[in-house]
Amino acid sequence: MRMSQLFLRTLRDDPADAEIDSHKLLVRTGAIRRISSGIYSWLPLGNRVLRNVEQIVREEMDAAGAQEVILPIVQPLELWERTGRDVAYGPQMFKFKDRRETGFALAPTAEEVVTSIVASEYSSYRDLPVNLYQINWKYRDELRPRFGLLRSREFLMKDAYSFHVDVEDLRKTYAAMYEAYERIFARCGLTVRAVEAQAGEIGGDINHEFMAVAPVGEDDFVWCRSCDYAANVEAAVRSALVSPGSSADASIAAPEAVPTPGMGSISDVAAHLGVPENTLLKSIAFDVGGKLALAVVPGDREVNEFAFKRAVAPLAARLYTDEDFARNPAIPKGFIGPDHSEVSIVVADPSVHGGQGWVIGANRVDEHTRNAVPMRDFRIDVVADLVIVASGDSCARCGGELSVDRGIEVGHVFQLGTKYSTALDATYTDDAGAQHPMVMGCYGVGVSRIVAAVVEEHSDENGITWPEGLAPYDVQLMVLAGKGDAGAGVKDAAERLYRDLQAAGVSVLFDDRDASPGVKFADADLLGMPVQIVLGAKGLARGVAERKIRATGERDEIAIDEVVTTLSGR
RNA sequence: CGGGAUGUAGCGCAGUUUGGCAGCGCGCAGCGUUCGGGACGCUGAGGCCCCGGGUUCAAAUCCCGGCAUCCCGACCA
């Protein structure tokens, strides 16, 4: 491609609405342009990158035995009502009506559609398993789109759905998808960690997220420095430890009330009493089955809401809201303690159970209690891991040190079970003639999000450094030609080189613009093709071109008549 | 949905306090000089100053209403 013909305008300044490198650079390099909040056009260079990612995903999915389809983006709302997800997804769906007032939604995902298709086509155990995937646009009306392509309202996603006779068969495909994902992200040049995750709205059981390690990521994940344990922070557990702030002394004095006027926070109380925050207990109120329940953790730690819900399951739990507190003045927010007369269940972290001499809320406004001992001064009904894991905690598996990092979720694999097949009657007949719901898995890759994640990992102060295989072109060829006969000679040589490289199968972006050398160098670094070839008058006189590897900055000279063989590897 | 901010040329911004010809840099077009790290000179094109209403002799600027965008938080696969 000739740059003189390419639809491209690079920007010298960062766009005012971009915060992170990938957003700034993708706009500055003319890869994308915003048309509305969270909605982008893909211009020629960006489109080529997106197609390259798509092709990698396609090759690996095909190799893993999945079959490509295209499912509708416009989906009838009625289908979503059958699984109850019209409500569960709720305002996150773009909804609209046709002229006959029938409700539709733009696809945020496609479990319903694909399940209904498989249900109507397949009905025998002989047909299974089957794994269908598509690479298609998805729509989520995010509350707050941000970070360019990382959280957009329109995004390209690969979604696959597999159907099985039983969980054992599902696990084979799940493992194959997991391995395919590792290859996909490796080929994209991403540093990715697979982490155990909490099941979200999609439902189901076992699932893993693939996190591209990046400080701008929106998700925290925990990983062990000594073993291979890794989990989303919502799902992560640590080994049971006694809080360092608690005393092991068995002869704690009797509990004693202390006035704490207006001190409804851990930090206020700790400062007032002159004790560390981890000698206090934090009691968080939940509504469990209509009754008060408490999650109790050391004062310096945060409650993992998901862990609490797991601990009280199958009962449904939700955090107390301001309305709940207003309705029940006997539960004074800021002064709640586990020794409460109305509490139905006290769930405490093991570190609480193992400690003594805690400062707890007195359940009266402006008052706390010190020297509280578990099982003596307040009861604990359930001991469960409740704290959000932090760096420095110990691994539940091996005792090693846990670390917390941030990541961009670029993939997610789920073992769904029978939630959708039951709701949509996707059943099969077994060899004994009995009917069963199909067992399902689903597997997502954020294709457009990968583009942003790759730029986050592969850029420097001068621009993008595309990994091979993703770059819009393999090579950027620059001609530095002045006026006159010498310049014409350089131009001719560059034209020949451009032609020969293309003939040899090398994809080339040829900067044939009538621009000054500085402009060409700066644009080449910004755009980030892996290899730059510079042909100028001085080099031509000696029969050489200059090669620069964009990512490392290494330069060398290649004889002009060896450029094609060197770059094409032939 | 709470808190904060912004909306002026393709991009980045000044001008709004104190009402008085619509500005600057980059980019774009033409001519000339340059030609190995975002060159220089001259000339020029380009505007619904977010939208609607109001005040005024006069509104980018003041008042009222709306919309959009961004940031922080909450929410979320």
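Chain A is the first sequence line, chain B the second, and so forth, proteins listed ahead of strands; every chain is numbered from 1. Computed from a predicted model, the values in this text were never measured in an experiment. Just the heavy atoms: all of them, side chains too, but no hydrogens, waters or symmetry mates, feed the values below.
Counting non-hydrogen atoms under 4.0 angstrom, A/Asp525 reaches a base of the nucleic acid. Counting any heavy atom pair closer than 4.0 Å across all strands shown, A/Asn232 reaches no nucleic acid atom. Residue A/Arg33 is out of contact with every strand shown, counting any heavy-atom pair closer than 4.0 Å. Note on A/Glu546: a base of the nucleic acid sits closer than 4.0 angstrom, heavy atoms only.
Checked against B/A77, B/C28, B/G37, the side chain of A/Arg9 finds its nearest nucleotide in B/C28. When distances run from any side-chain atom of A/Lys548 to the nucleotides B/G37, B/A39, B/G36, the shortest one goes to B/G37. The listed nucleotides are B/G36, B/C76, B/G38; the one nearest the side chain of A/Gln92 is B/C76. Out of B/G38, B/U69, B/C11, the shortest distance to the side chain of A/Asp13 is found at B/C11. Here the nucleotide nearest the side chain of A/Ser37, chosen from B/U69, B/G36, B/C75, is B/U69. Considering only side-chain atoms of A/Ala16, the nucleotide from B/U69, B/C13, B/A74 that sits closest is B/C13. Candidate nucleotides B/C72, B/A74, B/G38 were compared by shortest atom distance to the side chain of A/Glu19, and B/C72 ranks first. Taking only side-chain atoms of A/Arg34, from C-beta outward, the nucleotide of B/G36, B/U69, B/C72 with the closest atom is B/U69. Here the nucleotide nearest the side chain of A/Arg146, chosen from B/G36, B/A77, B/G73, is B/G73. Side-chain atoms of A/Val519 lie closest to B/G38 of the nucleotides B/G38, B/C70, B/A74.
In this structure B/C40 sits in a base pair with B/G32, meeting the Watson-Crick or G-U test at under 3.5 Å. When both distances must be under 3.5 Å, the Watson-Crick or G-U wobble mate of B/U18 does not exist. Using Watson-Crick or G-U wobble geometry with both donor-acceptor distances under 3.5 Å, B/C48 finds no partner in any strand shown. Taking a pair to require two hydrogen-bonding distances under 3.5 Å in either a Watson-Crick or a G-U wobble arrangement, B/G12 pairs with B/C24. Base-pair partner of B/A58: not found among the strands shown (Watson-Crick or G-U wobble, both distances under 3.5 Å). Look at B/A5: its Watson-Crick or wobble partner, with both distances under 3.5 angstrom, is B/U69.
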Below 3.5 Å between N/O atoms, which protein atoms pair up with nucleotides 42-45 of chain B? Just atom names and distances, please.
none

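Of the C1' atoms belonging to B/C67 and B/C26, the separation is 30 Å, rounded to the nearest Å. Of the C1' atoms belonging to B/G12 and B/U55, the separation is 34 Å, rounded to the nearest Å. The gap from the P atom of B/U33 to that of B/C49 amounts to 41 Å, rounded to the nearest Å. Rounded to the nearest Å, the gap between the C1' atom of B/A9 and that of B/G15 is 15 Å. Of the C1' atoms belonging to B/G41 and B/G37, the separation is 22 Å, rounded to the nearest Å. Nucleotides B/C13 and B/G2 place their C1' atoms 31 Å apart, quoted to the nearest Å. Between B/C63 and B/U56, the distance separating the two P atoms is 16 Å to the nearest Å.
Taking the salt bridge (charged side-chain N to carboxylate O under 4.0 Å, His left out) definition, one finds that A/Asp512 meets it with A/Arg2, sequence neighbours left out. Take A/Gln92 and apply the side chain to side chain donor-acceptor pair (under 3.5 Å) test, not counting sequence neighbours, and it matches no residue.
Put simply, A/Arg144 has a side-chain N or O that comes within less than 4.0 Å of OP1 or OP2 on B/C71. A sub-4.0 Å separation between OP1 or OP2 of B/G12 and a side-chain N or O of A/Arg12 is absent. A close approach under 4.0 Å does occur between a side-chain nitrogen or oxygen of A/Ser516 and OP1 or OP2 of B/A39.
Residue whose closest nucleotide on RNA chain B sits further toward the 5' end, between A/Ser36 and A/Glu218: A/Ser36.
Side chain A/Arg151 to base B/C76: a donor-acceptor pair is found below 3.5 Å. Between the side chain of A/Asn207 and the base of B/A77 there is no donor-acceptor pair of N/O atoms closer than 3.5 Å.
In this model, a donor atom of one side chain and an acceptor atom of the other lie less than 3.5 Å apart for A/Gln134 and A/Asp159. Side chains of A/Lys95 and A/Tyr89: no donor on one and acceptor on the other come within 3.5 Å. A donor and an acceptor atom, one from each side chain of A/His164 and A/Tyr174, are nowhere located under 3.5 Å apart. Side-chain contact of A/Tyr443 with A/Thr173: a donor-acceptor pair under 3.5 Å is absent, judged by distance alone.
Geometrically, A/Arg140 does not engage A/Phe155 in a cation-pi contact, judged by NZ or CZ lying under 6.0 Å from the ring centre and within 45° of the ring axis.
Each of A/Val563, A/Val475, A/Val531 was evaluated against A/Arg547; a single residue qualifies, A/Val531, per the side-chain contact (heavy atoms from CB on, under 4.5 Å) test.
We find the OG-CD1 distance between A/Ser37 and A/Ile35 to be 12.5 Å, quoted to the nearest 0.5 Å.
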